[in-house]
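Both backbone and side-chain heavy atoms feed into the values below; hydrogens, waters and symmetry mates do not. Below, chain A is the first sequence line, B the second, and so on; all start at residue 1.
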Protein chains: 2
Amino acid sequence: MAKTEGNINTWLDQIHNKYKTAVSVDCVIFGYDETGLKVLLIPCDMPPFENKLSLLGDIVHPNETTDQAAHRVLYKRTGLDDIYMEQVQVFSDLNRHPLGRVITVSYYSLIKINGNSFMELKDNHSLQWKNVSEINELAFDHKIIMDTCLERLRKNLREHPIGFKLLPPVFTLQQLQTLYEMVLGVELDKRNFRRKLSHLQILKPTGDSQKDVSHRPAKLYYFDQMEYEERNINGFSFGL
Amino acid sequence: MAKTEGNINTWLDQIHNKYKTAVSVDCVIFGYDETGLKVLLIPCDMPPFENKLSLLGDIVHPNETTDQAAHRVLYKRTGLDDIYMEQVQVFSDLNRHPLGRVITVSYYSLIKINGNSFMELKDNHSLQWKNVSEINELAFDHKIIMDTCLERLRKNLREHPIGFKLLPPVFTLQQLQTLYEMVLGVELDKRNFRRKLSHLQILKPTGDSQKDVSHRPAKLYYFDQMEYEERNINGFSFGL
DNA sequence: GCAAAAGTGTTCGCTCTACACCCATGG
DNA sequence: CCATGGGTGTAGAGCGAACACTTTTGC
């Protein structure tokens, strides 16, 4: 795009001087294990929040979109790319950041805690997974951001097949049901849950079963993305 | 919030110098009349888009949130406040604005075209309503923004009772049905539509009927917001 | 053989869908 | 009395909810 006329070209300069605003992204990185839904947090070193935890975020660089910034933050901290991410909402309260005007774009992402060894790979000595239910306060307005993203996650979990993104590539039906129950905070009927999934035809058995369990071993399944996309051109509802 | 340490305080200054970014809002203002769903547009005077129409937008001021900026834009152009508005999505492509980096937050709002006399009241000589179906291109990336907001509107129209916000305060069931059909692009069964609304119990008859029509006059209804809020603590689906 | 979790069918009520005729008014 | 849109009921199919017992494995 051409930057043409000089007098128009002063426009952005004026804006930068008059309206000093920084733009950041904040990532609510959800993970899941058998103890519940977790969020990846880091200690905050900025006054007055020195003793609080905060979400992972950064200023948006001049040569990247906010989506790219969010992926960059995630990659830098975890070494993971190709991760499901969704833009949620802008937070722009005037005093949300102690150092001045920072408008932030929030994202949530879903990653598999187990099966990813990033915990050892990156400079994440201070990163920690914290159970969502145990998070009472965070630095800045990050608690509100987290709650907003959690609501969005719950809504999307009911409308789209994204729950699998929190589980290992191969899982049992019971694991999947427990995930839904924990994230949505509801109890589900085992038979109804299985019938619904079986009807959707988006899970495929691997042929394998659990090993080394002291009870009847459960069959293992994987989510068939191709099958889903062919079958659900116009989306569907989980209706859970 | 305290701006404390000097060395930390330089942080935002550095950011402003290094990451020159402006933040704007763009409003997709939907209106509706019997000819269809419309969007309020204004001619663009910025090269290279001089002959195109654009959405209504503005830079976010230092003393306002993006929500407030969106309401300000709407009020300044139409004289209307207390209007339904919803934040939709951030657009941040690097070259979306010819004068430099402008990250924009998109909103849509719903207003009643008839029954509002703002067309004469404000400096809107150049504002125009344009049918959504007739909009093929807009300045900047505004067509994409409009399409995104339209999708969001359609989704919300199915999940929440917001259709009334596009109609006069008092309307017939046929008007309401036609609105749904036009915005969603589907045909609805008259009897099923009426049964569903009657079951929801959120429309109340005014007791009046249409006047001066050369056929049986239709009863007039209004949307009872209070009734809805009491009845639907956890929301509901229109399921259309 | 016992503990522990896996796996499996049926009934009931509700909601969605499809569909056709009489009614009230103005001219 | 005719033209125009307003207004109404019913039957069938599909979906969600509730509910209990048998199976397979490890120890």
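Proximity of B:K196 to the phosphate of C:dC16: a side-chain N or O atom is located under 4.0 Å from OP1 or OP2.
The CG atom of A:L197 sits 14 Å away from the C1' atom of D:dG16 (whole-angstrom rounding). Distance A:L200 CG to D:dC15 P: 10 Å, rounded to the nearest Å. One can place CZ of A:F193 at 13 Å from P of C:dA6, the figure rounded to the nearest angstrom. The distance between atom CD of A:E187 and atom C1' of D:dC19, rounded to the nearest whole Å, is 14 Å. A:K211 places its NZ atom 18 Å from the C1' atom of D:dC27, with the value rounded to the nearest Å.
Take A:F223 and apply the ring-ring contact (aromatic ring centres under 6.0 Å, His included) test, not counting sequence neighbours, and it matches A:F164. Residues that satisfy the side chain to side chain contact (heavy atoms under 4.5 Å, CB included) test with B:K52, not counting sequence neighbours, are B:F49, B:E137, B:A139. For B:E181, there are no salt bridge (Lys or Arg N to Asp or Glu O under 4.0 Å) partners at least two apart in sequence or on another chain. Partners of A:D33 according to the salt bridge (Lys or Arg N to Asp or Glu O under 4.0 Å) rule, which considers only residues two or more places apart in sequence or in another chain, are A:K38. Applying the salt bridge (Lys or Arg N to Asp or Glu O under 4.0 Å) criterion to B:D58, with sequence neighbours excluded, gives B:R72.
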Go along nucleotides 2-11 of chain D 5' to 3' and tag each nucleotide: B for a protein heavy atom under 4.0 Å from its base, S when only backbone or sugar atoms are that close, - otherwise.
--BBBBBBB-

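Two residues are said to be in side-chain contact when any heavy atoms from C-beta on lie closer than 4.5 Å; A:Y221 and A:K219 meet this criterion.
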